[in-house]
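Note: hydrogens, waters and symmetry copies are ignored here, and every other heavy atom, side chains too, is used. Only a predicted model underlies this, so the values are computations on that prediction, with no experimental measurement involved.
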Amino acid sequence: MSRSLSSGLRSLRTAPFGADPSGERLARIRRSPNFADGSFQNPEGARTRPTGSTLEFAKIYFRKEERIRRGPTGTVPVHATTLADLAKPPTGGLRITWMGHSSVLAEIDGRRVLFDPVWGERCSPFSWVGPKRLHPVPVPLAALGPVDVVVISHDHYDHLDMPTIQALVGTDTVFAVPLGVGAHLERWGVPADRLRELDWNETAKVAGLTLTATPARHFCGRGLRNPQHTLWASWAVTGPEHRIYHSGDTGYFSGFRDIGAEHGPFDVTMIQIGAYSEFWPDIHMTPEEGVRAHLDLQGGRPDGVMLPIHWGTFNLAPHPWSAPGEGTVAAAGRAGASIALPVPGQPFEPASDSVPTEPWWRGVAMEPAGGWSPPHVAAAAAELSAPTERTEGTGEPEAARVG
């Protein structure tokens with residue numbers, strides 16, 4: 001690229017686009033074992049650009065009947081008493097609140113972790129164009145209260161939102177981010193001493209929690225040129241009593257088994273199951289793949305609770321709006337996996353008997369041509385999401401033992 005064109009592109013790069021890594025940060029990137037041939041590499045090969053015919057994709061995406069199905073038919077329900085519920089400490093030491101899309105507040109062993117907070121109206125560098133949220137945020141960010149650490153999975157706009165980060169700069173929170181992403185945050189006013197910038201399999205200790213950036217199969221970038229100089233990651237967070245996992249964005253890959261063996265099993269996994277497409281099969285998971293990843297992370301066993309994330313809030317793919325939730329119910333029922341299905345802002349404790357399992361989206365979505373998942377599948381998922389007595393020393397549900 002010519003110097004004049006490069007300079008022109010840089011001049012267009014306003015603050016929401018972030019900043020490119022430079023100096024010691026860029027040197028550290030180049031030393032990374034995950035960086036080769038001028039860019040970060042995926043743990044398994046992945047096509048990061050849409051495959052197939054652009055014309056065919058456009059026909060599907062803009063077809064009127066498809067557009068109708070990609071949004072809710074009514075007002076998306078939002079939990080009405082989130083702040084009052086969060087004012088009480090979790091009884092079991094672990095409570096999860098899905099705020100929509102991939103934004104999750106995890107209260108774990110007396111600490112508060114906020115994953116991929118996006119409170120903006122659009123996931124875009126511009127206020128006037130780009131995917132607009134389909135429901136309001138359940139809680140004003142200023143009312144959320146103290147957060148010990150903000151964890152970012154990667155730098156795409158639906159996971160890293162400049163106005164949200166700038167609102168959090170005025171707090172005492174620490175920011176845990178993948179390698180290279182710190183350049184964006186520093187441009188937006190985050191002091192370097194409040195950054196924990198990690199390569200895959202590196203760990204930071206924050207407020208008594210152990211945070212590990214684990215591999216994912218995705219890509220990065222916020223600008224017209226995306227040289228893949230910022231890393232993408234999933235995250236394992238371990239407290240004195242509990243373990244949780246957040247997938248960020250990722251395609252399915254065999255590394256989930258390694259992550260589970262090293263850091264699991266987890267009390268709850270937060271797994272991306274939305275914005276998938278046959279046009280980008282390597283970088284986002286389908287619900288079926290998401291449930292398989294959950295099982296891999298749990299050592300092949302249907303232990304813990306899976307929270308489906310990365311759906312319901314923004315329209316980012318050709319599939320129907322309700323398809324990720326519906327597909328997860330069906331896949332979890334077939335696999336015998338426990339799932340949580342909260343409306344945005346509804347806190348739940350994974351070890352309690354009140355894990356939400358009602359497919360709430362059905363009241364505000366077009367019914368699929370083949371109907372909703374069979375009632376027995378949803379009932380099985382609800383039953384499996386209930387806590388079970390475990391046999392001492394085996395980690396197995398009593399009902400799973402034979403003889």
Side-chain angles (χ1 to χ4, degrees), residues 18 32 34 40 42-43 46 48 96 98-106 108 113-120 123 147 149-162 164-165 168 173-185 188 190 195-204 206 209 211-222 226 228-238 244-253 255-256 259 263 266 268-276 280 282-285 289-290 293-294 297 306-311 313-314 316:
S32 168
N34 304 302
F40 279 113
N42 270 299
T48 59
I96 303 295
W98 180 51
M99 300 295 181
H101 200 58
S102 295
S103 302
V104 182
L105 175 68
I108 173 172
V113 182
L114 187 58
F115 292 95
D116 284 357
V118 173
W119 258 249
C123 48
V147 172
V149 56
V150 171
V151 176
I152 303 298
S153 65
H154 64 296
D155 67 0
H156 286 158
Y157 290 95
D158 56 322
H159 297 259
L160 179 61
D161 178 56
M162 184 189 75
T164 303
I165 297 300
L168 290 163
T173 191
V174 169
F175 296 84
V177 302
L179 182 55
V181 175
H184 300 314
L185 272 64
W188 301 335
V190 177
L195 286 171
R196 306 294 182 270
E197 195 165 353
L198 306 181
D199 204 343
W200 287 342
N201 301 312
E202 291 183 341
T203 293
V206 179
L209 301 175
L211 298 98
T212 304
T214 46
R217 193 179 183 215
H218 198 56
F219 69 111
C220 66
R222 294 177 72 83
N226 293 319
Q228 305 301 291
H229 282 180
T230 56
L231 189 58
W232 48 96
S234 58
W235 288 86
V237 178
T238 303
I244 60 178
Y245 172 83
H246 189 284
S247 72
D249 278 3
T250 180
Y252 179 81
F253 71 115
F256 290 118
I259 294 169
H263 303 286
F266 300 97
V268 64
T269 66
M270 297 158 268
I271 304 290
Q272 173 263 307
I273 49 82
Y276 55 87
W280 49 84
D282 298 336
I283 55 173
H284 280 170
M285 291 189 290
E289 290 171 324
H294 168 76
L297 290 160
M306 172 184 159
L307 170 67
I309 62 171
H310 201 263
W311 77 287
T313 304
F314 298 106
L316 302 175

Inter-residue atom distance [X].[atom1] - [Y].[atom2], 0.5 Å rounding:
X      : Y      : atom1 : atom2 : value
Leu297 : Ile259 : CG    : CD1   : 6.0 Å
His263 : Asn201 : NE2   : CG    : 6.0 Å
Asp116 : Met270 : CG    : CE    : 10.0 Å
Met306 : Ile271 : CE    : CD1   : 6.0 Å
Trp98  : Ser103 : CH2   : OG    : 10.0 Å
Leu231 : Cys220 : CG    : SG    : 8.0 Å

Side chain [X], main chain [Y], donor-acceptor under 3.5 Å:
X      : Y      : value
Trp232 : Ala216 : yes
Thr173 : Val147 : yes
Arg196 : Val174 : no
Gln228 : Thr230 : no
His246 : Ser102 : yes
Arg222 : Leu160 : yes

>> Could you tell me if the side chain of Thr313 sits less than 4.5 Å from the side chain of Val118, heavy atoms only?
In response: no
>> If you define the side chain from C-beta out and look only at heavy atoms, does anything of Ser247 sit under 4.5 Å from Phe115?
In response: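 Not touching, per the 4.5 Å side-chain cut-off.
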Please give me the minimum heavy-atom distance between [X] and [Y], naming the atom from each residue.
X      : Y      : value
Ala213 : Leu198 : CB-CB, 3.9 Å
Ser234 : Pro215 : OG-O, 2.8 Å
His284 : His310 : CE1-CE1, 3.8 Å
His159 : Ser153 : ND1-OG, 3.5 Å
Gly182 : Glu197 : N-OE2, 3.2 Å
Ile244 : Ala106 : CD1-CB, 3.6 Å

> Would Thr214 and Tyr245 count as a side-chain contact (heavy atoms from CB on, under 4.5 Å) if you check the C-alpha gap in whole Å, the side-chain angles of each, and the deciding distance to 0.1 Å?
Replying inline: CA-CA 10 Å; Thr214 46; Tyr245 172 83; 3.8 Å; yes
Tell me every residue that passes ring pair (Phe, Tyr, Trp, His ring centres under 6.0 Å) with [X], counting only those two or more places apart in sequence or in another chain.
X      : value
Phe314 : His101
His156 : His154, His218, Phe219
Phe175 : none
Tyr252 : Phe256

> Residues in side-chain contact (heavy atoms from CB on, under 4.5 Å) with Ser32, at least two apart?
Replying inline: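 If we apply the side-chain contact (heavy atoms from CB on, under 4.5 Å) test to Ser32, skipping adjacent residues, the hits are Asn34, Phe35, Phe40, Leu179, Asp199.
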>> Could you work out, with side-chain contact (heavy atoms from CB on, under 4.5 Å) as the rule, every residue matching Asp282, not counting sequence neighbours?
In response: Ala46, Arg47, Arg217
